[in-house]
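Input: a single structure, listed below in structure tokens.
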Amino acid sequence: MYQKYKNVEIVKPGGLELKDRLVGVQRVTKVTKGGRAFGFSAIVVVGDENGVVGHGLGKSKEVATAIAKAVEDAKKNLVRIPLNKGTLPHEQKGKYGGAKVFIKPASQGTGVIAGGAVRAVLESVGVHDVLSKSQGSSNPHNVVKATFDALLQLRDARTVAQQRGISMEKVFKG
């Protein structure tokens, strides 16, 4: 699922204290010759609030079953995000479909300045201070995936030094 990102560390859910956040539940309709068949689609974000996060989608005839399926799907898609003292290492843009998300590190005490689906993802990751802007589509599915796109592009200083083949001191001088 995360093949296009170079430095993604995929995490197994065993031993993690994961908390799930419901982003949205939609009622969906399938029109058949016998009338309309109603169902539910749920999108959930799970995280340990310490750099590990995942998202999942579940569909069912009942809301509770859809949410349970979404949580199970999210646990299969966990990744580790580099954090820097409760905020992000650098600013980043993410895009998915018509949704665009911009996230920027903030000074300590700022809080999570984000709305809706972006807030759910950032709080699940464990970010305490961040500024964000969501543009374009407000569809929660696309916003969550755009936020993940931005988070998966983040790199910490050690990764940058290894990729460039230079020391950590040189990273901070340039």
Would you be so kind as to tabulate the donor-acceptor pairs closer than 3.5 Å made by side chains of residues 13-26, with sequence neighbours excluded?
from : atom 1 : to   : atom 2 : distance (Å)
K19  : NZ     : E49  : OE1    : 3.3
R21  : NH1    : S124 : OG     : 3.2
R21  : NH2    : E49  : OE2    : 3.3
Q26  : OE1    : H141 : NE2    : 3.3

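- Through direct or relayed side-chain contacts under 4.5 Å between Ile, Leu, Val, Met, Phe, Trp and Tyr, L57 connects to no other residue.
- Applying the side-chain hydrogen bond (donor to acceptor under 3.5 Å, both in side chains) definition to pairs two or more places apart or across chains, those involving residues 110-119 are S107-T110, R119-E123.
- Contact detail for D73 and N77: the closest heavy-atom pair is O-ND2, 3.1 Å.
- Of all the heavy atoms in I103 and A150, the pair that sits closest is CD1-CB, 3.8 Å.
- Between T147 and V144, the closest side-chain pair of non-hydrogen atoms is not below 4.5 Å.
- The structure places CD of Q92 at 4.0 Å from CD of Q153, a figure rounded to the nearest 0.5 Å.
- Remark: A68 engages no residue in a side-chain contact (heavy atoms from CB on, under 4.5 Å) (not counting sequence neighbours).
- Taking Ile, Leu, Val, Met, Phe, Trp and Tyr as members and joining any whose side-chain heavy atoms lie under 4.5 Å apart, directly or through other members, F102 forms no hydrophobic cluster with any other residue.
- Each salt bridge (charged side-chain N to carboxylate O under 4.0 Å, His left out) pair with one or both residues in residues 75-92, not counting sequence neighbours, appears once here: E9-R80.
- Scanning both residues, A70 and A42, for their nearest heavy atoms gives CB-O, 3.6 Å.
- Note that NZ of K104 and NZ of K93 are 11.0 Å apart. Values are rounded to the nearest 0.5 Å.
- Side-chain contact between V121 and F148 is present, with heavy atoms from C-beta onward closer than 4.5 Å.
- With sequence neighbours excluded, the residues forming a side-chain contact (heavy atoms from CB on, under 4.5 Å) with S137 are A99, N139, N142, listed by chain and number.
- Closest approach of P140 to A117, counting heavy atoms only: O-CB, 4.2 Å.
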Practice item. Dump the intermediate steps for side-chain contact (heavy atoms from CB on, under 4.5 Å) on I113 and V130, then the final yes or no. Key: CA-CA 6 Å; I113 312 295; V130 68; over 6 Å; no
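- L152 is not listed as a side-chain neighbour of L154, based on a closest heavy-atom distance of 4.5 Å or more.
- V112 is not listed as a side-chain neighbour of D129, based on a closest heavy-atom distance of 4.5 Å or more.
- Between Y96 and V101, the closest side-chain pair of non-hydrogen atoms is not below 4.5 Å.
- No side-chain heavy atom of V79 sits under 4.5 Å from any side-chain heavy atom of V52.
- Listed here is the closest heavy atom pair of K69 and K59: NZ-O, 3.2 Å.
- With contacts defined as side-chain heavy-atom distances shorter than 4.5 Å, the pair V53/L78 does not qualify.
- The salt bridge (charged side-chain N to carboxylate O under 4.0 Å, His left out) contacts involving residues 133-144 comprise nothing, where partners must be two or more places apart or lie in separate chains.
- What you find for T87 and P105 is that their closest heavy atoms are OG1-CA, 3.3 Å.
- Side-chain contact between E62 and F40 is absent, with no heavy-atom pair separated by less than 4.5 Å.
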